Amino acid sequence: HETSCLIATLPKAAAVGLLLRFLSIAGGQNHAVAQVFGAMAVVSMFIGNLCALGQQDVKRLLAYSGVAHAGYLLIGMLALNRTGISAAIYYTAGYVAMTAACFFVIYRLTPGGENITVDGLRGLHRRSPLLAATLAIAAMGLAGIPPTVGFTGKFFMFAGALERGSYLLVLSGILNICIGAFYYLRLVRAAYTTESGDAGPVEMPLQARICAVALIAAILGAGM
């Protein structure tokens, strides 16, 4: 789980820094570069979200989700203005927190490293209300629902893109947010549906509770 979390977050943060450097060198008036990366953003968003729609394995769902979020980040970076670039850096930090929260829940549910399906989350609010809340807030953040950092970050990235006149990119981003909401809210619905099976309460030591509360505070606090 720890390896999966690192793979899902840190390389993306490094890629944002590298791409920002590349785009700044290429220059904001290089239309060929902007068109290529704009096409990559649209393709990433649609492929990531459409592939995630049919996933039952939560880790795979988050992996395809990461592909879509790379597209969102490109929208902010391609703005090449203060609003878009600042928002992209801000959103990257928020994405790390939201994804870490999801993997934290997976780790607490399957400490042996097993994969967990969406159906395996059923009744989580009874087994551990704190874990259910952590997953719900992280999923809503990834979906871009206020007042999470996911909503605020997307809002400012799209604002930066609109300042540059990238209306098609913003429209594609908004459409993909709507697509992504289906599978993110599916996680929330599963966690808060009636329990199925004989799974017992999830043990949550003090340090785990502190970590969960810190992740929730980071996602909501940064958003507000």
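These numbers come from a predicted model, not from an experiment. FYI, side chains are in, hydrogens and waters are out, and symmetry mates aren't considered; it's all heavy atoms of this structure.
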- Query: More than 12 heavy atoms of other residues, nucleotides or ligands under 6.0 Å from CZ of Phe104: is that the case?
  - Reply: yes
- Query: Is it the case that more than 12 heavy atoms not belonging to Tyr90 sit under 6.0 Å from its OH atom?
  - Reply: yes
State, yes or no, whether a side-chain contact exists between [X] and [Y] at a heavy-atom distance under 4.5 Å.
{"X": "Ile116", "Y": "Leu121", "result": "yes"}
{"X": "Asn115", "Y": "Val58", "result": "no"}
{"X": "Thr92", "Y": "Tyr95", "result": "no"}
{"X": "Tyr184", "Y": "Ile145", "result": "no"}
{"X": "Leu109", "Y": "Leu124", "result": "yes"}
{"X": "Leu130", "Y": "Val202", "result": "no"}
{"X": "Met140", "Y": "Phe151", "result": "no"}
{"X": "Asn81", "Y": "Ile85", "result": "no"}

Nearest 0.5 angstrom please: [X] [atom1] to [Y] [atom2], how far?
{"X": "Leu142", "Y": "Leu185", "atom1": "CG", "atom2": "CG", "value": "11.0 Å"}
{"X": "Leu162", "Y": "Leu171", "atom1": "CG", "atom2": "CG", "value": "10.5 Å"}
{"X": "Leu50", "Y": "Met45", "atom1": "CG", "atom2": "CE", "value": "11.0 Å"}
{"X": "Ser166", "Y": "Ile75", "atom1": "OG", "atom2": "CD1", "value": "8.5 Å"}
{"X": "Leu131", "Y": "His125", "atom1": "CG", "atom2": "NE2", "value": "13.0 Å"}
{"X": "Ile174", "Y": "Ile179", "atom1": "CD1", "atom2": "CD1", "value": "12.5 Å"}

- Item | Full working for side-chain contact (heavy atoms from CB on, under 4.5 Å) between Met77 and Phe37 | CA-CA 10 Å; Met77 288 187 284; Phe37 279 95; over 6 Å; no
Using atom types as modelled, flag every donor-acceptor pair under 3.5 Å from a side chain in residues 203-214 to any protein atom, sequence neighbours excluded.
residue: Arg209; atom: NE; partner: Met204; partner atom: O; Å: 3.0

- Message: Donor-acceptor pair, distance only, cut-off 3.5 Å: does the side chain of Ser86 make one with the backbone of Thr83?
- Response: no
- For Gly71, does its backbone N or O pair with a side-chain atom of Ser44 as donor and acceptor, under 3.5 Å? no
Nearest heavy atoms of [X] and [Y], plus distance in Å:
{"X": "Ala138", "Y": "Ile219", "result": "CA-CD1, 4.0 Å"}
{"X": "Ala97", "Y": "Leu215", "result": "O-CD2, 3.9 Å"}
{"X": "Val188", "Y": "Ala136", "result": "CG2-CA, 3.9 Å"}
{"X": "Leu169", "Y": "Ala41", "result": "CD2-CB, 4.3 Å"}
{"X": "Ala161", "Y": "Ala79", "result": "N-CB, 3.8 Å"}
{"X": "Leu135", "Y": "Cys102", "result": "CD1-SG, 4.4 Å"}

- What residues, two or more places apart in sequence or in another chain, satisfy ring pair (Phe, Tyr, Trp, His ring centres under 6.0 Å) together with Phe46? none
- Pairing residues for Tyr91 by the ring pair (Phe, Tyr, Trp, His ring centres under 6.0 Å) criterion, not counting sequence neighbours: His69
- Note on the structure: Apart from Leu168 itself, members of its ILVMFWY cluster (side-chain separation under 4.5 Å) are none
- Which ILVMFWY residues are connected to Val43, directly or by a chain of links, through side-chain heavy atoms under 4.5 Å apart? Ile47
- Query: Going hydrophobic residue to hydrophobic residue with side-chain gaps under 4.5 angstrom, can you get from Val42 over to Leu78?
  - Reply: yes
- Check whether Phe155 and Met98 end up in the same hydrophobic cluster, where Ile, Leu, Val, Met, Phe, Trp and Tyr are linked by side-chain heavy atoms less than 4.5 Å apart. no
Any residue meeting side-chain contact (heavy atoms from CB on, under 4.5 Å) with [X], in chain and number order, not counting sequence neighbours:
{"X": "Ala218", "value": "none"}
{"X": "Tyr183", "value": "Asn49, Ala52, Leu53, Leu61, Ser65, Arg186"}
{"X": "Leu220", "value": "Ile137, Pro147, Thr148, Ile216, Met224"}
{"X": "Ile177", "value": "Tyr72, Lys154, Phe158"}

- Item | Listed partners of Ser172 passing side chain to side chain donor-acceptor pair (under 3.5 Å), at least two apart | none
